[in-house]
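Throughout, residue positions are numbered sequentially from 1 according to the sequence presented. Only a predicted model underlies this, so the values are computations on that prediction, with no experimental measurement involved. Atoms within a ligand are numbered from 1 in the order they appear, just like the ligands themselves.
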Amino acid sequence: MSPIQEVIINKKTSINPIWIMRQAGRYLPEFREIRAKNPDFIKLCLNHKLSSEITLQPLKRYNFDAAIIFSDILMVPYGLNQKVEFKKNFGPLLGDLNLDKASSMQENKFTERLKPVYKALEIVSNNNLTSNKSTIGFVGAPWTLMVYMINKQSPKLKLKKNFFDDELLINKILLILEKFLKIHIKCQVDNGAQIIQIFDSWAGLLDVKDFSKYIYNPTLSLVEFTKSLNVPVICFPKGIKNYKNYCEIINPDAICIDYEVDPLQANKDIKIPIQGGMDPKVLLTDKENLKKEAKRYLDIFKDHPYIFNLGHGVLPETDPNMMDYLVKIVKDY
Ligand code: 1CP
């Protein structure tokens, strides 16, 4: 069993494996080099040679315990025939959603469109760099994907007033997403993903009264499906106020906490294995502060099954040497 599986499945507390959200990304010069030559981000995700190479880049530099496949949560709307582009200094920009097209999408057409993602997973999981490590696949949670599909760009701080107006549309999208996210999870598992992380990056935008419909019910369905494949599932409901409730209702195999969660409180409230938490901005400070902060998390969770990670993705302006130092701190702890 790999160290991350030991923590998640066997609830081991004597080791602290580490991987980092967005570990393959813009803070690495070798990623920026490939990216500069590949201005179309979706095409890059669909190039299995390059996406597998990018996935392995951070493992060549650092002693991380997992590879997370280089792809994007928005590959699912792309698979459903919605246009997706990534604009420089703007972020994702989606085309209008054609509901008829999406709901009539055939399963084999969808998996054909995303085939390079699965091919890349196969390459990564068979590479020597991932032996005794975990290969992580992922999906966006239905709620977060629906936000992008309707809003067609990042919602940033809040949703438009009329977001919930078309209830029929919302209900249909949720059903389509539930179906195709399961297909996407299954294909990732069949091609080498040993763990699935569900990113609900915009969970924090929702009123608690709407949690059951948009977060709990659809997420629970994905979590139970993933468990039925005998694959552990990590959930990351970024920005919610009550992680304790979430864990009790969803019961994932592990929970990833964001940087606004008080780790002392989480350690008391949460009974399942915990991942993450440290603010990515700490990596922009100095070594002394980095050591202090990383140790704070390691100390708090010393008797809790804990996977070191950040409380959101690593920032593009991070110095790669600081990441090196962080890995050393965690490994020497
Ligand atoms: O070079 C670039 O301009 C692209 C930057 C980039 C990268 C490196 C994007 C665009 N996506 C990715 C890869 C990515 N995205 C991974 C790869 C694996 C890894 O972690 O190393 C993963 C897991 C994601 C997941 C993802 N994409 C999320 C969930 C996590 C989170 O950050 O909250 C979200 C919300 C997205 C959408 C997205 N894709 C890219 C950007 C800049 C965004 C966010 C934009 C926004 O604010 O809405």
| request: List, by chain and then residue number, the residues other than L284 in its hydrophobic cluster (Ile/Leu/Val/Met/Phe/Trp/Tyr, side-chain heavy atoms under 4.5 Å); write none if there are no others. | output: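 Besides L284, the cluster holds L315.
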| task | Kindly give the cluster partners of F90, where membership spreads through any ILVMFWY side chain lying under 4.5 Å from a current member. | result |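 Listed partners: L93.
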| said: Which heavy atom of I173 sits nearest to which heavy atom of M146, and what is that distance? | reply: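 In terms of heavy atoms, the two residues are closest at CG2-CG, 3.9 Å.
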| task | At a heavy-atom distance under 4.0 Å, which protein residues reach ligand 1? Sort them by chain and number, would you? | result |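 Residues M21, R22, Q23, A24, R26, F31, R35, F41, I68, I69, F70, S71, D72, I73, F86, P92, F138, Y148, S154, F199, S201, W202, H312 each place a heavy atom under 4.0 Å from ligand 1, listed by chain and number.
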| request: Answer yes or no: is there an ion pair linking E288 with K291, defined by an N-O contact shorter than 4.0 Å? | output: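 So E288 does not pair with K291 through a salt bridge.
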| Test item: D72 side-chain N/O and L74 main-chain N/O as donor-acceptor pair under 3.5 Å |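 Checked: pair present.
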| query | If you look only at pairs with a residue in residues 95-109, which of them pass as a salt bridge (Lys or Arg N to Asp or Glu O under 4.0 Å), with sequence neighbours excluded? | reply |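 Passing the test, one end in residues 95-109: D96-K152.
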